[in-house]
Undergrad: 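Handing you a structure now.
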Amino acid sequence: MPYDYDPSSVEAKWRKRWEEARAYTVDLKSAKNPYYSLVMFPYPSGDKLHVGHWYNFAPADSWSRYMRMHGKQVFAPIGFDAFGLPAENYAVKTGVPPAKSTAENVKTMIKQLKRIGTMYDWEKMVNTSDPSYYQWTQWLFIQMFKNKLAYKKLGNVNFCPSCQTVLANEQVWEGKCERCGTEVQQKALSQWYWKITQYSQKLLDNLDGLEWPEKTKLMQKNWIGRSEGAEISFDIKGHDEKIKVFTTRQDTLFGATFIVLAPEHPLVDKITPANHQGIVRVYKEQARKKTELQRTSEKVKTGEHTGAYAINPVNGKEIPIWIADYVLLNYGTGAVMGVPGHDERDFDFAEPRQDKGLHIQCVIEPDAATPNFLAQVHPNFFGRIPDGKTIDEAQDSLKESYGKEVLEGKKCWKGEGKIINSDFLNGLTVHEAKKKMIAWLENEDRGRGIINYRLRDWLVSRQRYWGAPIPIVYDPEGNAHPVPEEHLPWMLPTDVEFKPTGKSPLTESKEFIARTEKIFGKGWRPEFDTMDTFVCSSFYYLRYLTPPPPGPLPPAGERGSVFVDPAIEKKWLPVSMYIGGPEHACMHLIYARFVMMALKDFGFVSHEEPFQKLVHQGLITNNGAKMSKSKGNVVSPDSFVERYGSDVFRMYLMFMGPFRDGGDWSDTGIKGIDRFVQKVWRMVGEREQLSTAADSKEVTVALHQTIKKVTESMEKMHFNTAISALMEFLNAVEGKSFSNETAQMFARLISPIAPHLAEELWEALGGPSSAKATEDKKDFVIDQSWPTYDPKLLVTDTMTIAVQVNGKLRGQIDVASDASEKDILAAAKAEPHVQKYLEGQVLKKEIYIKGRLVSLVI
RNA sequence: GCCGAAGUGGCGGAAUGGUAGACGCGCACGACUCAAAAUCGUGUACCGCAAGGUGUGAGGGUUCGACUCCCUCCUUCGGCACCA
């Protein structure tokens, strides 16, 4: 008797069997054909698992399963990025300690995650807030410290007044806190940094070898921001100090008619003569009050003359030194040479101040002989030469008009050209002049060629409670010492209030101070800051490979575990497939690369790059808006899973569109997938009466076409078309009988996408030993190989050929698949409909596209 | 401002330069039912009674043939943004 497929009992049954058989546990040591399939681990928030998680994890799981069916030993671990602000903010509000709320959230999320039916190896789970994990976060800090990659420095830092903590550059988005959207302030504080800048070039170079989305690579490239140029020293009239500027346009040094310092530049006060100190002080104060956002959004440039003068080293001319807030202290040297003739910003600054001694001096002449001259002048020029002019004429007139304006100082020329008014550089191209100027500067000891990066060192300390304590202690003189490794984990104290005060919450802990004094001596103090949570997530993929021994945490000093087993690391890294959101392009994904490189240099790992292949899932929105708790538009999957089962829900998400695109949430249409699953069960699962049937030619063709389509779709992670191909197969064989083997093939094809359903089918179809799967003998459908198709079996007996006349479809013909081109063309011309159009016309050309169409031109 | 991605029915979306709209949702009609739901069947880009014509953001180009390639423009979304 037909019965409905009941997902809730079936899915629970298979999850239980998988678990009992330890179907997804990987023996990392013995695996021969490793495939590390990683998803970005979730934060255990109180929102629980939402649709966005499913949209990330379910397709990623389908990919893991697909790889497994290709004979890979797929390791798909999961864990929790459990330190962080939300738990702490929750504690502030409710008084519930973060450790407690986090533990509860983790518990709920594990339950929810298991319901997805993912092939996670739960035995390797990590939780970054667990001492067994954060001891390694601290261990990493100590390695960084010992290798001089961690240092403490007083400097201007980004401070979020709402989160009451400092932030790294990467965590400031458009001048606002990445977490809470509050505008950040600049504060002078002494903070811990990690020297990511030491790896700027390697971070850039290695990108070429990574199979990452080009967009993501580009974002990292821009973030690292390499530029080649020169550092030039300018003498200051009447002072011994020199001003160093960074420029990428050393070729225009003869055109430098002034110097601009950032208002905060340390030399400003020293060089400003008494009669200018008043206005300089006022300007500095104004600049200080502006937020980063205001400073960068102002269009009109402001500034003041310091009253001091520098000497341009190439021509000995005295040029005024100004301060202006369009010059940033933290890029280059915080000082620029003003070349208003050829730099747009300098032009904007100098043009209205020409009467105050800022002159515009041109040193490059637009040159029509320069390659791409036209494109520089007018990017849209090609293909649209005005007034029927020749290219040469157009060039000449452009050169004429642009050259005039530039030379008269009415316009700033940014393009290539010929150097003029520049003594030994005259007549050279920009490129040649750059090289020659560097040689001159180095020869005269006035500067040197350098490479500058925009990337800043990573600020890792945070004035928050719920993070890994920085394992540093200070002696009574205030010198920093690392906590010896035998004292790790350097436990996070619990006798702390959670109210934010702007001071680190750990300062309140009596136990923390007492512990420090007991171990190190009277007057010693611990570091009260904790680490950025991005430190925790920068190496978790390594810790999955070396899970802590089961049972309670061994006492400090007897951890009995290594950071990562070298042989296992060598075999399993880099991660074969990493799936996660694009928002981490310039945060987690750059930190993790840096940490891996550093660990390689320290000798703990053998690879430089952690993630060989990266794919971003698309964003799932609700009415076009990002789902977030604050907007109250988070969609919970629970009720859908309850009603339709997780196979239906995950398939529905995957059916919405291409995985990388994401989309707007809507539950209309989930029924279609439910109908499909019921139909699968009716036609494929429940079919004993058909078990002896043989496949007709039609069914065989349909099956092999389906294998081809599904395989091609899976390869591209186009799960939506994989599902539609499976639907098409059912439509094609509906009402026809087909063999058990074919039904089993179908079960295999659907198994990465609907794992529970596939196991149930496999069992119903008598898949080998399906019901008796044990740890030794894993005969789940997921242990079967991925079906392959036979190209010879894709061919039907007849084919339909479209016939076009002058590019318009005018008819169709059915011909035998092995018909000759001649016969097909004849048949096409004989088609009555087509004939109507051919009548009385001269046939100029006939084209036959094999198996597709005939095109007749008259 | 710069860089990148994308614009296809009522909706989600499909199409190695080769029959645009697969697959699904929705909708309409029909079957089953006392009725409804569920289910099944048929139809469903637009205009037109039809023949036919028009259609992939807009305009142009290459081609026997363009959603696909080239140029210009518009819109949306992402990223960067005084980086010297």
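Keep in mind that this is a model prediction, so the values were computed, not measured. Below, read A as the first sequence line, B as the second, and so on, with proteins coming before strands; counting in each chain starts at 1.
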Undergrad: Where the side chain of A:Q812 is defined as all heavy atoms beyond and including C-beta, which of B:U19, B:A84, B:G18 is the nearest nucleotide?
TA: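 Nucleotide nearest to A:Q812's side chain: B:U19.
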Undergrad: Among B:G65, B:A14, B:G24, find the nucleotide with the atom closest to the side chain of A:M727.
TA: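 Nearest to the side-chain atoms of A:M727, counting from C-beta on, is B:G24.
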Undergrad: As a test of reading the structure: which of B:A14, B:C25, B:G41 is closest to the side chain of A:T668, going by heavy atoms?
TA: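 Selected nucleotide: B:C25.
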Undergrad: Please determine whether side chain to side chain contact (heavy atoms under 4.5 Å, CB included) holds for the pair A:I259 and A:W322, giving the CA-CA distance in whole Å, both sets of side-chain angles, and the decisive distance to 0.1 Å.
TA: CA-CA 6 Å; A:I259 295 281; A:W322 285 61; over 6 Å; no
Undergrad: Taking the side chain of A:P658 as heavy atoms from C-beta outward, which of B:G13, B:G24, B:A84 is closest to it?
TA: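 Comparing B:G13, B:G24, B:A84 against the side chain of A:P658, the answer is B:G13.
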Undergrad: With a 4.5 Å heavy-atom cut-off, do A:M714 and A:P752 have their side chains touching?
TA: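 Counting from C-beta outward, A:M714 and A:P752 do come under 4.5 Å.
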Undergrad: Side-chain N or O of A:H833 versus OP1/OP2 of B:G52: is the shortest distance under 4.0 Å?
TA: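 A:H833 to B:G52 OP1/OP2: side-chain N or O found under 4.0 Å.
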Undergrad: For the side chain of A:K845, starting at C-beta, report the closest nucleotide among B:G52, B:G24, B:C64.
TA: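 The answer is B:C64.
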Undergrad: Under 3.5 Å for both donor-acceptor distances, Watson-Crick or wobble: does B:G55 have a partner, and if so which one?
TA: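 Partner of B:G55: none found under 3.5 Å.
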Undergrad: For B:G18, what is the paired nucleotide under Watson-Crick or G-U wobble rules, both distances under 3.5 Å?
TA: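 Pairing partner, where one exists within any strand: B:C64.
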Undergrad: So does A:K215 get a side-chain nitrogen or oxygen closer than 4.0 Å to the phosphate oxygens (OP1/OP2) of B:G4?
TA: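 For A:K215, the contact criterion (side-chain N or O under 4.0 Å from OP1 or OP2 of B:G4) is not met.
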Undergrad: Verify the contact: side-chain N or O of A:R454 to OP1 or OP2 of B:C82, cut-off strictly under 4.0 Å; return yes or no.
TA: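 So the side chain of A:R454 is outside the cut-off, no N or O lying under 4.0 Å from OP1 or OP2 of B:C82.
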Undergrad: So, is B:G9 syn or anti if syn means the angle is within 90° of 0?
TA: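 Nucleotide B:G9 adopts syn.
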Undergrad: Does A:R852 place a side-chain N or O at less than 4.0 Å from the phosphate oxygens OP1/OP2 of B:G65?
TA: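 No.
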Undergrad: May I ask which nucleotide in the shown strands pairs with B:G7, Watson-Crick or G-U wobble, both distances under 3.5 Å?
TA: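 Check on B:G7: paired to B:C74, both distances under 3.5 Å.
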Undergrad: Does A:N222 have a side-chain nitrogen or oxygen under 4.0 Å from the phosphate oxygens OP1 or OP2 of B:G79?
TA: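 Looking at the OP1 and OP2 atoms of B:G79, neither is under 4.0 Å from any side-chain N or O of A:N222.
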Undergrad: For the side chain of A:V857, starting at C-beta, report the closest nucleotide among B:A15, B:G24, B:C64.
TA: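 Side chain of A:V857 sits closest to B:C64.
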Undergrad: Report yes or no: is there a donor-acceptor pair, N or O only, under 3.5 Å between the side chain of A:K301 and the base of B:C82?
TA: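 Looking at the base of B:C82, it does pair with a donor or acceptor on the side chain of A:K301 (distance under 3.5 Å).
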Undergrad: Any side-chain N or O of A:R682 below 4.0 angstrom from OP1/OP2 of B:U39?
TA: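 Negative; the distance criterion is not met.
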Undergrad: Take the angle between the ring planes of A:W458 and A:Y591 and call it parallel below 30°, perpendicular above 60°, tilted in between.
TA: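 Aromatic pair A:W458/A:Y591 classed parallel.
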Undergrad: Determine the contact category for A:T721: base if any of its heavy atoms lies under 4.0 Å from a base atom, sugar-phosphate if only primed atoms, P, OP1 or OP2 are that close, otherwise nothing.
TA: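 Sugar-phosphate only.
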Undergrad: Does B:A38 have a Watson-Crick or wobble mate here (both distances under 3.5 Å), and if so which one?
TA: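 Paired with B:A38, as far as the under-3.5 Å criterion goes, is no nucleotide at all.
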Undergrad: With respect to the phosphate group of B:G24, does any side-chain polar atom (N or O) of A:N731 fall under 4.0 Å of OP1 or OP2?
TA: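 So the side chain of A:N731 is within the cut-off, an N or O lying under 4.0 Å from OP1 or OP2 of B:G24.
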Undergrad: Counting only side-chain N and O atoms of A:K671, is one of them less than 4.0 Å from OP1 or OP2 of B:A38?
TA: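 Yes, such a contact exists.
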Undergrad: Among the nucleotides B:G53, B:A84, B:G18, which one has an atom lying closest to any side-chain atom of A:T247?
TA: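 Looking only at side-chain atoms, A:T247 lies closest to B:A84.
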Undergrad: Does A:S227 put a side-chain nitrogen or oxygen below 4.0 Å from OP1 or OP2 of B:A84?
TA: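 True: A:S227 side-chain N/O within range (under 4.0 Å) of B:A84 OP1/OP2.
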Undergrad: Taking 4.0 Å as the cut-off, does a side-chain nitrogen or oxygen of A:R675 come that near to OP1 or OP2 on B:G26?
TA: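 Yes.
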